There are 2 protein chains.
Amino acid sequence: MKKDSQFMTLTNSEENYLKAIYHLSDGGKKGVSTNDIASSMKTKPASVSDMLRKLGEKEVINYRKYYGVQITEEGRNYALQVIRKHRLWEVFLVDKLKFNWDEVHEVAEQLEHVRSPLLTQRLDEFLNFPKFDPHGDPIPDEFGDVKARPRIALNDMEVNAAGQIVAVKDSSAAFLRYLDKVGAYIGARVKLLDKVEFDGSVEILVDQKTLFMSKDVASNILIVVT
Amino acid sequence: MKKDSQFMTLTNSEENYLKAIYHLSDGGKKGVSTNDIASSMKTKPASVSDMLRKLGEKEVINYRKYYGVQITEEGRNYALQVIRKHRLWEVFLVDKLKFNWDEVHEVAEQLEHVRSPLLTQRLDEFLNFPKFDPHGDPIPDEFGDVKARPRIALNDMEVNAAGQIVAVKDSSAAFLRYLDKVGAYIGARVKLLDKVEFDGSVEILVDQKTLFMSKDVASNILIVVT
DNA sequence: ATTGTATTTTAGGGTTGGCTAAAAAATAAT
DNA sequence: ATTATTTTTTAGCCAACCCTAAAATACAAT
Ligand SMILES: [Mn+2]
Ligand SMILES: [Mn+2]
Ligand SMILES: [Mn+2]
Ligand SMILES: [Mn+2]
């Protein structure tokens with residue numbers, strides 16, 4: 001039951017599952033378990049099994065019962081196009097509509113399913129072909145290619161090293177609000193002033209302001225060292 | 001089973017039906033028949049009956065079996081909010097993303113269902129609170145109020161009267177393309193030069209260019225006389 | 001008033017996507 | 001190597017939305 005990727009269309013729900021599988025498998029590298037998908041999608045494992053069968057038939061994943069599932073080349077490309085739309089819309093919401101970066105996710109989750117290649121292309125153009133979304137995640141191009149940047153967690157920086165905040169691991173609204181409150185943001189230039197051996201907490205400089213962060217927080221902030 | 005309009009949500013399909021009923025009833029004035037809804041939605045009458053029962057239970061329409069259906073105040077307000085979103089997105093597509101006015105409908109049909117009051121409000125702001133969409137149709141405000149303009153069909157203008165094209169009755173892609181080809185467009189200033197008694201066709205002036213149009217075409221072009 | 005036709009609804013069925021409870025398979029523990 | 005536990009799948013159900021075919025109702029014509 002193979003469908004050519006050019007003409008294949010998945011339902012919104014199938015797209016959401018495929019995207020989750022893509023993310024959980026770290027871009028298609030690792031296999032993913034039914035339970036992990038269920039918890040990340042907030043559905044029940046039984047529903048996931050059902051969906052995996054369907055996605056398997058459409059050949060966007062390789063599905064062997066009772067063993068994990070792996071995304072196929074076909075599926076990876078499809079997922080990347082949905083992710084591309086998701087992140088382009090996030091840029092639109094923040095850059096053009098002045099949303100805060102912690103307000104965009106739910107809306108982008110809807111907008112990513114709008115089907116119109118022309119719309120995606122024109123939006124990309126309108127936004128000036130952005131390469132990264134407001135959370136610092138790379139935006140795949142129309143061929144699914146992503147411009148990766150080598151990143152390390154903030155607490156893995158060397159003392160006195162400088163860099164730029166490019167992404168967060170935990171993009172929950174709560175965490176994003178916390179960062180806003182203390183004055184950290186994507187794109188901010190940071191310098192690691194000190195590391196406390198005892199608890200792994202760090203002292204950093206952001207916009208001439210000194211901040212203290214727990215190891216827990218710092219490990220969720222990703223940096224490109226420059 | 002009444003739900004307060006503040007918290008009521010309809011499915012995408014229910015929203016499409018309600019919008020169709022609103023349009024067919026001329027803004028809620030007239031009653032609408034099952035068959036009319038079916039043909040305008042390109043579904044079967046049996047499906048419409050099913051949906052009418054559901055919309056009746058949610059009290060957005062008054063439904064009496066075997067008789068027509070009328071939209072309620074509740075339903076009218078809901079429909080107007082969907083129409084508001086539809087037309088705002090059309091403005092966005094044409095003004096910002098450089099879509100042609102005959103390319104926007106299908107995409108707006110999807111975008112109108114995105115649920116985010118903040119998005120709608122910010123989009124409105126971003127577009128500078130437009131009052132009319134690219135087809136000249138009025139955009140309801142957040143309270144559902146519309147700024148109506150008195151319009152007449154082009155072929156009902158007096159000879160030598162001048163005005164502005166503000167809308168089209170038939171907004172099929174075919175018709176819109178025809179208009180583009182002959183050089184007519186929403187916003188164009190027109191003057192009626194002559195009316196042919198015999199067949200009702202007209203001679204008009206658009207951008208220093210003289211055009212002939214059949215009565216059929218002219219009756220689908222709406223003018224605000226100035 | 002009765003009959004015929006057009007309209008509308010109901011009955012029954014298919015697909016998608018979700019659920020719970022029970023069965024099956026894989027994995028871990030003894 | 002058994003047994004116990006965890007994971008995954010199947011079975012059976014429900015809701016939304018669409019369909020066709022058949023029945024019911026309304027409306028028009030005599
Ligand atoms: Mn989504
Ligand atoms: Mn993002
Ligand atoms: Mn729609
Ligand atoms: Mn329009």
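The structure displayed is predicted, hence computed values, not measured ones. Labels below follow one simple rule: chain letters A, B, ... track the order of the sequence lines, proteins then strands, and each chain is numbered from 1.
If you measure from atom NE2 of A:His113 to atom C1' of C:dG17, you get 14 Å, rounded to the nearest angstrom. Computed from coordinates, the B:Leu55 CG to C:dT8 P distance equals 16 Å when rounded to whole Å. Summarising the geometry, the separation between CG on A:Asn16 and P on C:dG17 is reported as 10 Å, rounded to the nearest angstrom.
B:Glu112 and B:Lys19 are joined by a salt bridge, as a carboxylate oxygen and a charged side-chain nitrogen come within less than 4.0 angstrom of each other. Salt bridge present: B:Asp137 and B:Arg151 bring a charged side-chain N and a carboxylate O closer than 4.0 Å. A salt bridge is absent between A:Lys85 and A:Glu15: the closest approach of a Lys/Arg side-chain nitrogen to an acidic carboxylate oxygen does not fall below 4.0 angstrom.
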Exercise for the section: Check the pair A:Leu55 / A:Tyr63 against side chain to side chain contact (heavy atoms under 4.5 Å, CB included), numbers first and verdict last. Expected result: CA-CA 8 Å; A:Leu55 292 177; A:Tyr63 178 45; over 6 Å; no
Problem - Check against side chain to side chain contact (heavy atoms under 4.5 Å, CB included), B:Met51 and B:Ser13 - result: CA-CA 9 Å; B:Met51 184 56 85; B:Ser13 188; 3.6 Å; yes
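A:Asp133 and A:His86 share no donor-acceptor pair across their side chains, judged by distance under 3.5 Å alone.
Across residues 17-38 of chain B, B:Tyr17 each have a non-hydrogen atom less than 4.0 Å from an atom of DNA chain D (numbered order).
Cation-pi check for B:Lys96 over B:Phe126 is met; the charged atom lies under 6.0 angstrom from the ring centroid and within 45 degrees of its normal.
Within a 6.0 Å radius of CD in B:Glu125, more than 12 heavy atoms belonging to other residues, nucleotides or ligands are found. Heavy-atom neighbours of A:Phe129 CZ from other residues, nucleotides or ligands within 6.0 Å: above the threshold of 12.
At least one donor-acceptor pair under 3.5 Å links the side chain of B:Thr72 to the backbone N or O of B:Val60.
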Short heteroatom pairs, N/O only, protein and nucleotides 10-16 of chain C, under 3.5 Å:
residue: C:dT10; atom: OP1; partner: B:Lys65; partner atom: NZ; Å: 2.6

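Mapping heavy-atom proximity under 4.0 Å, the span of DNA chain D touched by chain A runs 5' to 3' from D:dT7 to D:dT10.
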